[in-house]
Amino acid sequence: MIISFDLDDTLISNNKFDLEKVNLIQKIFRIEKLRKDTIVLFKELKRRKHKIYIYTTSHRSVSKIKWMFYSYGISVDCIINQQKHQRSLLNKNIYCSKFPPLFNIDLHIDDSKGVQIEGEKYGFKVIVISETDKNWTESILKSI
């Protein structure tokens with residue numbers, strides 16, 4: 001299964017949820033902090049042979065996102081940022097903030113109820129994770 005994750009307010013936050021510990025290199029290079037248990041979740045998903053994509057509407061570069069996850073010891077299989085999303089939807093007559101089927105994504109994890117509504121409209125599966133959900137990884141693993 002291919003599972004994609006949003007970044008802002010899902011895996012990255014400005015102190016809205018507990019965060020992973022950072023090392024000296026991450027501090028020096030100002031690597032963004034990931035949500036606590038992201039590392040454990042991603043390693044479990046990989047162990048179960050799932051592919052992990054990052055699907056964000058941010059304008060962060062692919063290399064910046066890749067480096068951030070690499071600094072945590074995590075590999076991701078594909079990164080879709082705003083630029084790639086817009087290029088891929090060009091001339092498709094689909095108007096939504098994210099469209100996982102275009103990238104063969106089976107399940108998208110996001111914090112936005114708007115993305116969930118788009119999923120219902122366009123027929124793709126979304127799990128909405130609240131920033132206050134302390135058991136967010138369990139919620140995802142149970143849904144797979």
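Residues Ile65 and Phe69 form a side-chain contact, since some pair of their non-hydrogen atoms from C-beta on lies under 4.5 Å apart. Between Ile12 and Arg60, the closest side-chain pair of non-hydrogen atoms falls below 4.5 Å. Inter-residue side-chain proximity for Met68 and Leu34 is flagged as met; some heavy-atom pair is nearer than 4.5 Å. The closest side-chain heavy-atom distance from Lys134 to Asp18 is below 4.5 Å. Between Ile140 and Leu41 there is a side-chain heavy-atom pair separated by less than 4.5 Å. Looking at Leu7 and Ile54, their side chains come closer than 4.5 Å, going by heavy atoms from C-beta outward.
For the pair Lys16 and Asp8, the salt-bridge criterion is not met [side-chain N within less than 4.0 Å of a carboxylate O].
A side-chain donor from one of Glu118 and Ser97 sits under 3.5 Å from a side-chain acceptor of the other. Between the side chains of Thr10 and Asp111, at least one donor N or O lies within less than 3.5 Å of an accepting N or O.
Taking each heavy atom of Trp136 and Lys36 in turn, the nearest pair found is NE1-O, 3.2 Å. When all heavy atoms of Ser143 and Ser139 are compared, the pair lying nearest together is OG-O, 2.9 Å. Between Ser4 and Ile105, the shortest heavy-atom contact is OG-CG2, 3.4 Å. Shortest non-hydrogen contact noted between His108 and Pro100 is CB-CG, 3.9 Å. Closest non-hydrogen pair, Lys98 versus Tyr55, comes out as CE-O, 3.2 Å. Between Cys96 and His85, the shortest heavy-atom contact is O-NE2, 3.3 Å.
Listed for the Gln116 side chain is no donor-acceptor partner under 3.5 Å among the backbone atoms of Ile127. Distance alone, capped at 3.5 Å, is enough to place a donor-acceptor pair between the Asn81 side chain and the Lys84 backbone. At least one donor-acceptor pair under 3.5 Å links the side chain of Asp106 to the backbone N or O of Ile2. Checked by atom type and distance alone, the side chain of Glu20 pairs as donor or acceptor with a backbone atom of Ile39 at under 3.5 Å. Checked by atom type and distance alone, the side chain of Ser13 never pairs as donor or acceptor with a backbone atom of Asp9 at under 3.5 Å.
A search for ring-ring contact (aromatic ring centres under 6.0 Å, His included) contacts involving Tyr53 returns nothing, not counting sequence neighbours. The ring-ring contact (aromatic ring centres under 6.0 Å, His included) test applied to His50 returns no partner, not counting sequence neighbours. Residues satisfying the side-chain contact (heavy atoms from CB on, under 4.5 Å) criterion with Leu102, sequence neighbours excluded, are Ser88, Leu89, Lys92, Phe99. In this structure, Phe17 has no ring-ring contact (aromatic ring centres under 6.0 Å, His included) partners at least two apart in sequence or on a different chain. Among residues two or more places apart in sequence or in another chain, the side-chain hydrogen bond (donor to acceptor under 3.5 Å, both in side chains) test is passed with Glu138 by none.
Within the structure, side-chain hydrogen bond (donor to acceptor under 3.5 Å, both in side chains) contacts touching residues 39-49 (residues at least two apart or in different chains) are Glu44-Arg47, Glu44-Arg48, Lys46-Asp77.
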Working for side-chain contact (heavy atoms from CB on, under 4.5 Å), residues Val22 and Ile31: CA-CA 8 Å; Val22 294; Ile31 302 294; over 6 Å; no
Pair Ile52-Ile74, side-chain contact (heavy atoms from CB on, under 4.5 Å): steps then yes or no: CA-CA 10 Å; Ile52 298 172; Ile74 302 171; 5.6 Å; no
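When the options Asn135, Asp110, Ile109, Thr137 are evaluated for a side-chain contact (heavy atoms from CB on, under 4.5 Å) with Ile129, the one that passes is Ile109.
Atom-to-atom distance recorded for Thr38:OG1 and Leu11:CG is 5.0 Å, nearest 0.5 angstrom.
Between Phe5 and Phe42, the ring centre distance stays below 6.0 Å.
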